[in-house]
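Have a look at the structure below before the remarks.
Bear in mind that the values here come from a model prediction, so they are computed numbers and not experimental data. Read the numbers this way: they start at 1 and go in the same order the structure lists the ligands and their atoms. FYI, side chains are in, hydrogens and waters are out, and symmetry mates aren't considered; it's all heavy atoms of this structure.
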Amino acid sequence: MISVRVPAKVNLQLSIGPLRPDGFHELVTVFHAVDLSDVVHVRTAAPGSGITVEVTGRDVADVPLDDSNLAVRAVALLAKTCDVSSDVHITIEKLIPVAGGMAGGSADAAGALVAADALLGTRLKRSELDALAAQLGSDVPFALHGGTMIGTGRGEQLTPVLASGSFHWVFALADGGLSTPAVYAEFDRLHAGERIPQPGADERLLFALRSGDIRALGSALSNDLQPAAIAMRPELGRLIESALELGAISGIVSGSGPTCAFLVWDSESALDLAVALTSTGLCRDVRRASGPVPGARIITS
Ligand code: C5P
């Protein structure tokens, strides 16, 4: 059996550009991997059994167990590309919120790619894994790499960002997920008739990351999908306001939501905010995490 740990992400900047003819939006984002991780285990199964998957953890009822599961798709794509048997059983230990805007499904796809590559002996080059990852989803290449990176194109083209220090976060989880396509569709509706310019990387954010300046990072966080997510879930706006009153340096909707990410000074203030947020009743659960952390890594074989 091979086991791979793979992190969730938060977008420190998510700037959405024009809708492309292929249905994706051109974007510029700054991805940041945090130590809130899923673990993907793969093992060979009986000949002819195909690819099977089981998922353990809280709130996993919404994770599909058929061919649409991103980890299953990752193993199938790898096996087809390399012309090897795909009799593989996948077990996903889920900690990353499902449909939460933290790229949990993409993480599982990246984890399954790395794990199956080792299990099946396909030994793909990093660039080949990247190409398969990009076919699986816009956020999958980042889950392979981790760290802090600028994503361009539809998010799959990555450039490393110089970042010093470690940042502490509190993530507030909501009841039920938000569909990423639905949030992008709401973004399109909110901006109907507008000419959306080509976005660029935010120099203030890049400087804050380079210098490790937490306060500057807090004031540079941005997410163009936030108004769309709040339009669909107005309670997220109230949650962010409360967290700021309770001492968060800054707060944003994570990706397409509904998870919200709150930047705090250190692990102690993370614990304080987590406790205080829990008692507001505005979120279902809270998680503390720090970043940046590396992407998909084999932990046992
Ligand atoms: O690439 P991924 O499968 O994660 O994308 C899910 C959906 O999110 C896409 O089908 C699309 O509706 C939306 N999306 C987008 N522009 C992007 C990334 C995702 O419109 N750059």
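- Residue Leu27 places a heavy atom under 4.0 Å from ligand 1.
- In terms of N/O distances under 3.5 Å, ligand 1 is approached by Arg154.
- In terms of protein heavy-atom proximity, atom 14 (N) of ligand 1 is nearest to Tyr184 CE1, 3.4 Å.
- Of the candidates Ser138, Gly17, Ser256, the one placing a heavy atom closest to atom 4 (O) of ligand 1 is Ser138.
- Contact check on Arg58 versus Asp285 returns a salt bridge, with a Lys/Arg side-chain nitrogen under 4.0 Å from an Asp/Glu carboxylate oxygen.
- Of all protein heavy atoms, the one lying nearest to atom 7 (C) of ligand 1 is Pro181 CG, 3.9 Å.
- Closest protein heavy atom to atom 9 (C) of ligand 1: Phe24 CE2, 3.8 Å.
- Residues in residues 114-164 take part in these ring pair (Phe, Tyr, Trp, His ring centres under 6.0 Å) pairs, two or more places apart or across chains: Phe31-Phe142.
- Asn11 contributes no side-chain N or O that, together with a main-chain N or O of Thr29, makes up a donor-acceptor pair within less than 3.5 Å.
- Of all the atoms in ligand 1, the ones that sit under 4.0 Å from a non-hydrogen atom of His25 are 15 (C), 16 (N), 17 (C), 20 (O), 21 (N).
- Inclusion of Thr180 in the set of residues having an N or O under 3.5 Å from an N or O of ligand 1 is not warranted.
- Asn69 places a side-chain heavy atom less than 4.5 Å from the side chain of Val63.
- Shown in contact with Gly23 at under 4.0 Å from a heavy atom are these atoms of ligand 1, numbered in order with element: 20 (O).
- We find that Lys94 and Asp59 are not joined by a salt bridge, their nearest charged nitrogen and carboxylate oxygen being 4.0 Å or further apart.
- Residue pairs satisfying the salt bridge (Lys or Arg N to Asp or Glu O under 4.0 Å) criterion with at least one member in residues 61-85, sequence neighbours excluded, are absent.
- Side-chain contact between Phe262 and Leu277 is present, with heavy atoms from C-beta onward closer than 4.5 Å.
- Below 4.0 Å from some heavy atom of Gly137 lie the following atoms of ligand 1, by number and element: 1 (O).
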